[in-house]
Amino acid sequence: MTIQASEVEEKIREIVKPWKGKQGSLIPILQAIQHDFGYLQEDAIEILSREIGIPTAEIYGVGTFYAQFHLKPRGRHIIRICRGTACHVRGSLKILEKVMDILKISENETTEDLRFTLEPVACLGACGLAPVVMVNDVTYGRLTPDSIQPILENYK
Amino acid sequence: MKDITLNIDGKICKGTEGDTILEVARSNDVYIPTLCFLEGLTPIGSCRMCVVEVENNPKMMTACTTPAQDGMVVSTGTEKLRDYRRQMLELIFAGRNHFCMYCSQSGDCELQDMAIAHGMDRVRYPYLYADFENDATHRDIQIDHNRCILCLRCIRVCAEKVGTHTLDLQKRGWNATIVTDLGRKLGESSTCTTCGACAQVCPTGTITLREFAYRGRRKDCDSVVESVCPLCSVGCRIKAYVRTGSIARVEGTAVNEPDGGQLCQKGRWTLPRSAERERISVPMIREGSHYREATWEEALDLVAKQFRKAHEADSDGVLVSSLCTDEELGLFVSLFKDGLGMERIDTFDGDVLRGFVKGFEPFRKQGVRPFTAAHKILDSDCIVNLSADPDEEAPVIASYIRVGVLRNGASLVNISCSPSPFRDITDVDAVTKTPAENIRLIEGLAGMVEALKATGGDPEKTVQVTAAEVAEKAGLTEEMVVKILGSLMDSKKPVFVLGGCLSRDPATVAASVNLAIACGAFFDDGIGMVPLVVSGNSLGTINTVLADEPWLGKKKLDFMYVYSTGLVPEDEASLSAISGSRFVVVQCPFWAHPLVNLADVLLPAPAWFERSGHYCTIEGERRRLSVVIPPKGEVRGLASVLKDLSKDLGVTPEKPKEAPCGNLFASEKPPAAARMVSLEEVRD
Amino acid sequence: MALYRAHVLVCKGTGCKSSGAAPVYDALKEEITRRGLDKEVMLVETGCHGMCEMGPIVVVYPEGSLYCRVTADDVAEIVEEHLYKGRLVQRLLYTTPEDKVKIPHYRDIPFYKKQFRIALRNCGYINPDNIEEYIARDGYVALAKALTAMDPEDVLAEVKTSGLRGRGGGGFPTGLKWEFCRRAKGDKKYVICNADEGDPGAFMDRSILEGDPHALIEGMMLGAYAIGADEGYIYCRAEYPLAIKRLGVAMAQCTEYGLLGDNIMGTDFSFHLHVKEGAGAFVCGEETALMASIEGERGMPRPRPPFPANKGLWGKPSNINNVETWANVPSIIREGGEWFASIGTEKSKGTKVFALTGKVNNTGLVEVPMGTTIREIVFDMGGGILNGRKFKAVQIGGPSGGCLTEEHLDLPVNYESLTAAGAIMGSGGLVVMDEDTCMVDVARFFLEFTQRESCGKCVPCREGTKQMLLTLEKITSGKGKMKDLETLEELALMVKEMSLCGLGQTAPNPVLTTLRYFRDEYEAHIKDKKCPAKACSALISFVIDAEKCRKCGICAKNCPVDCIAGDRNTPYVIDQERCIKCGTCLEVCPFQAVSKV
């Protein structure tokens, strides 16, 4: 889904409207933008900067300070690949490489169609099931490079 | 303000209510170490170096932010404080890359000085070898985030003084770093003006100006000379660092000046670079397509001969730079105007100045000063940009405007033939199609504001002109006119920035002053107008070399004497008029092309850093240009050259008159006494 | 209003909701209607009861019977037995962990018996989405009393008399704080509620926000009246969506009833309230950072002075209190400051809500009079240590607090006693630890948290916590040196004194108290390379007792790194070189042959 530039502008204007002239509006506006766009996209911030007269650097500073905000699009599904020791020795690197190969993205990246975001994590605490991958809230264990593909296909 | 007395380290210190502990200490010569603090910027109390102990207060207090109170007993250097400070310094050194021997700022670093002063002979904590980025994408400015101590001075100066707010802080905690715009690299920034203020305030080697690295540490320089930047009408005060006969760097003065001690990209780079430019070192005489060296005697003889001939035929002219000092301008006047009785003498940007002078004249006659010091823009709540492009004409004015809008909450109205140069922060952007529509708009607004104010802003009462009529005449929408009126009527103290191009029509200038008077734009020193006259001493030419009427290009002249400082390029019209003259003498310190190509005789001149004198600036001050590097070799001062020339010409000039600035900045009456005038008065 | 013979209260707090309260509520509704009881039995959604461990909780009045861990499948039985036949459903009643006694009445459960509820008085009793229920429990009586019969000065005096102190951490006297703000020059003033409860393990504020939002709103209005403010902000963390929703409902109802807005109750008093959602930064719990955040900036603390009372939100005099503090105010005005001051100890008046968690039988929220001992809280109300293990320490006050030992069990809890012992009241997190908890690891855990949440503004906190954390990591991984303890202590003291805000000033507390009370554990890690609690994985190893091993091979099959070898004839052995200490073998061994050493 690509949003036209003019649409972004229109949307931002709409979001900003009720806040015009009010103090302290930046964070609620960013929350609304993230809610509508999924993340704080660059062109949206640039338009916002003009609309409310706050420099882009300041908005960026605020956006990166709070844990809630994302400056890059996040996928609809978050894949967390355990990179703990147990999973490592059981071949989690191979799983990671396979996933990167299937999705054509690197660690901490998101697929172009915003289907998946890939996040390696230190340990998921399920060492007995190593190697482990978590997609959203579901944990998959004892994976092989071959078994990961059908799992991902469940997530559209 | 109440006087207060503190006991700091046993010393009785006087201060004023409202001072911080640090201010009282510094004014009483008590040293308190600081890193993040910089006078003129909002104190943030983050480096904790200035922490002091206050009697009966269990908490450690930062001297830079804590208000001093009468009777306070303060200790600044107890054993515990010294220990804590040293510990914090060790932490800073262990945290990021502060290995001095690999840093261009070693020896010129506040952090290093602080560590030495606190006897930090080792670091007890493991080095963390932070792996942040060294952003070398910008041509002139480098940011090595590994050397950053997060004092945030750069962010503050960029936001509070320069007003571009290019820099901010990203992320948090140990991972926080300085960031540009939307997380970009500095070289990709769309807002950075390359003014270099960030580097000037950086206490470490984080932000450096590549060109000045290894050119000489500030404290190793042979001399630091305070002077003035000649490049634009603001005339910023500067500090020039000299090392081994060369200018190692140029910086703005203290940040706590009303103007923020600023320096723009022009001053920061053009001035020191000029010291490296190729000089015209000896007089030259054209022979065909070449120049040959000549003695002063021969050259001046030739000049005098040609001059005399042309003067007799009334076909001579003199064009001098408005970057000359008052004193230099005085020399020209006493020789050419008073001595030879010439009328064809002028400055390059004479047309701009004449426009302003004529437009201001009717108000001058009323005994008021029709303009205010430029930094008063910072006191205004509504800034009106009238056809100015401050980033080009006078970048520090652009900073005032940005800071006024972003930090002081002023509104920004652009009334011009082109879109606002401050696109992102302009509240109302009224672009007229023609200059004629522009003046009609300003005139109409003045009339409406006057009428609205007279009726107490009551729209029910009849106002003679309506917004619709003004809009019609100006080719704008009625909504736009109403918006402008709204901004002007809401403002208690508007200020009007006049672009140089506005002066093409003196009536527009007068109309603008009328509008300012109608709006009640009165500052303590004059009416709220900031005219962007061209260069450092444009104002100084008004009572000296400025011609009453333009003459350049009207007639093909036999002889033209041109004096240029070679710092700013000459305009096309002047160049073409010069090239149309039969015999041209160019006196200039540098091989400034294309001007020097037009000369039949080239005479050397002292460069800006070899001269001294005074400038009349639009900051409303007469500022002193000082000799930064004494002239070497054959470079002769203007007075001595003109003396020889006058001898050859057979005139004995009078001593130059006193400097003209005083009466320019003076006024008999307060600005509020000003009355609007009929534009016909100007148009005549 | 119709009269009902019975009320069925279903907790819909976040705790019970996540353990499945919604289907229980739906099933109850369906069953009650199906059985035609909907005219005589009223079903009510309530806020948190505090005993989240036992959720979903259903309470039936008039008997006051509390059913634990109710599922939708239990509903038919509850309706049939209790509502029809008047017989308690024994199997769902609360059972004491030690002697397995079933307790039929809510008030007799040890967890509630010793509680004294002021801040939580309505939580679990009323439907938070219905202002009428709050009003029925004397809600807005205090406001009416203040607006019609008291001057702002009287309200202030009453709060001062009560001796109420800030419940968010520092324990600053609330009345005095209000007075500073009241006396500050300025025509515009703000009251702010700090609902950015971020301490791991603390959820009393959420419970009040979700269970009794009107108490907070009324408290803030009383404060605004006393201070002379006409506008308020509630800064609530975005992680509490239910709280934000309920606040919205409550505020809308107030507006509808003329309790918010201009000329409240026909008086000159006007008050406008806004909710600001936090965006995920622990440091915003600090007053000045919170204000920076409301103003739309990075939530970085500002140096004091100027104090918020003089120059707070947008430079105007502002007063910030946390949720629990505000929620105490209506009761104080209604019942009088003297009444409140009669509860608690000499310097710490009233009650305090604690979030009791960790290795304790009954986890949840308890509100007790100040001066209650830790023993009473942990053993009487908390029902003692989980699995009958030995008590080791309590961590009080969240990441800013400290660890107290067995010798402090009889310490009456109040602001002074806790501070003297090296902990703080904090927001009231109370984590119980048993002998399996490594105190060095606890210190590391909390420091990891504060270090991650440090805003990075000041040097001591930004750089100091980082170095302290590294040192602790070094120690827990067995690479520590005795000299590190010295460095650690020195750093901790410096960071505590020199940091700009409360976060940095209290971050070293867990380190300092564990160093003070559990130095031997640190030394064991360093000198003996042993973790006495066997919690630090770098310092332990798993071994198989050859005697106990039945050679089943389950451990080897489950080992993620295949480092266990053996067969039908030889007992299994763990290759220590390759073992990653995941503990799987210990978990799976059916014969307890694997042990940690």
Side-chain angles (χ1 to χ4, degrees), chain B residues 20-21 35-37 42-51 53-54 57-69 80-81 83-96 111 123-128 130 148-152 155 168-177, chain C residues 280-284 288-289 292 297-307 310-311 448-471 473-474 479 483-484 486-488 490-505 507:
Chain B
T20 60
I21 296 178
L35 272 177
C36 69
F37 176 81
T42 310
I44 54 170
S46 74
C47 75
R48 318 302 290 169
M49 291 304 292
C50 73
V51 159
E53 292 184 73
V54 177
N57 190 334
K59 294 233 173 202
M60 298 284 189
M61 308 302 287
T62 36
C64 70
T65 61
T66 308
Q69 280 166 10
K80 182 158 93 175
L81 282 174
D83 268 1
Y84 280 172
R85 287 186 191 132
R86 199 175 55 236
Q87 248 176 302
M88 289 192 298
L89 286 165
E90 285 180 58
L91 285 172
I92 292 176
F93 272 83
R96 295 194 182 184
L111 178 65
V123 172
R124 280 166 293 175
Y125 314 113
Y127 287 101
L128 304 180
C148 179
I149 61 169
L150 299 178
C151 69
L152 313 191
I155 295 177
D168 208 294
L169 193 62
Q170 70 164 344
K171 301 186 185 165
R172 65 181 182 214
W174 200 77
N175 297 310
T177 50
Chain C
F282 175 72
V283 69
C284 287
T288 56
E297 294 179 9
R298 291 167 60 89
M300 309 247 274
R302 299 162 179 173
R304 288 180 288 189
F307 291 95
N310 294 311
K311 250 182 136 179
E448 196 179 11
F449 179 84
T450 41
Q451 196 268 331
R452 192 172 56 235
E453 295 295 337
S454 163
C455 80
K457 182 171 181 174
C458 75
V459 173
C461 180
R462 180 181 75 232
E463 307 286 340
T465 56
K466 176 90 179 169
Q467 289 283 357
M468 282 160 69
L469 177 63
L470 287 177
T471 312
E473 280 171 353
K474 208 169 127 189
K479 294 174 190 141
K483 213 173 160 3
D484 289 337
E486 206 180 293
T487 317
L488 196 59
E490 218 178 76
L491 259 179
L493 288 170
M494 189 278 285
V495 173
K496 193 178 162 104
E497 272 206 88
M498 296 295 270
S499 291
L500 194 157
C501 82
L503 187 142
Q505 286 161 10

Report the option among B/Arg96, B/Lys171, B/Met49 that has the most heavy-atom pairs separated by less than 4.5 Å from atoms of chain C. B/Lys171
Looking only at heavy atoms, which two atoms of B/Thr62 and C/Pro303 are closest? And how far apart? OG1-CB, 4.3 Å
Most chain B-contacting option - heavy-atom pairs closer than 4.5 Å, from C/Lys457, C/Glu497, C/Arg302: C/Glu497
If you tally heavy-atom pairs under 4.5 Å between each of B/Ala176, B/Pro67, B/Pro126 and chain C, the highest tally belongs to B/Pro126
Are the side chains of B/Leu128 and C/Leu470 in touch, meaning some heavy atoms are under 4.5 Å apart? yes
Minimum-distance pair of heavy atoms, taken over all atoms of C/Arg462 and B/Ile149: NH2-O, 3.1 Å
List the atom of B/Leu169, the atom of C/Arg298, and the distance in Å for their closest heavy-atom pair. O-NH1, 2.7 Å
Heavy atoms only, distances under 4.5 angstrom: which of C/Gly299, C/Ala281, C/Pro301, C/Ser454 has the most pairs with chain B? Name it, please. C/Ser454
Just to verify, what does B/Tyr125 make a ring-ring contact (aromatic ring centres under 6.0 Å, His included) with, not counting sequence neighbours? none
What part of B/Asn175 lies closer than 4.5 angstrom to a heavy atom of chain C: side chain, backbone, both or neither? neither
Walk me through whether B/Lys59 and C/Arg304 qualify under side chain to side chain contact (heavy atoms under 4.5 Å, CB included). CA-CA 10 Å; B/Lys59 294 233 173 202; C/Arg304 288 180 288 189; 6.0 Å; no
Is it the case that over 12 heavy atoms from other parts of the model lie below 6.0 angstrom from the NZ atom of C/Lys466? yes
CH2 of B/Trp174 to CD of C/Gln467: how many Å apart, nearest 0.5 Å? 9.0 Å
Below 4.5 Å, heavy-atom pairs only: which of B/Leu152, B/Ile44, B/Leu91 has the largest tally toward chain C? B/Leu91
Which atoms of B/Pro43 come close to chain C, meaning under 4.5 Å heavy atom to heavy atom: side chain ones, backbone ones, both, or neither? neither
Can you tell me which portion of C/Ser499 sits under 4.5 Å from chain B's heavy atoms? Options are side chain, backbone, both or neither. backbone
Should B/Arg124 and C/Glu490 count as side-chain neighbours, where that means a heavy-atom distance under 4.5 Å? yes
Interface residue of largest heavy-atom contact number with chain C, from B/Arg48, B/Gln87, B/Met60, under 4.5 Å: B/Arg48
Of all heavy-atom pairs linking C/Gly280 and B/Arg172, the shortest is O-NH1, 3.3 Å
Qualifying residues under ring-ring contact (aromatic ring centres under 6.0 Å, His included), relative to C/Phe449, sequence neighbours excluded: C/Phe282
Taking atom CD of C/Glu463 and atom CG of B/Leu150, what is their separation to the nearest 0.5 Å? 7.5 Å
Ranking B/Cys151, B/Cys36, B/Ser46 by heavy-atom pairs under 4.5 Å to chain C gives rank one to B/Ser46
Look up atom CG in B/Asp83 and atom CG in C/Leu493, then write down how far apart they are to the nearest 0.5 Å. 11.5 Å
Let me know if B/Glu53 has heavy atoms under 4.5 Å from chain C in its side chain, its backbone, both or neither. neither
Any side-chain heavy-atom pair from C/Pro305 and B/Thr66 closer than 4.5 angstrom? yes
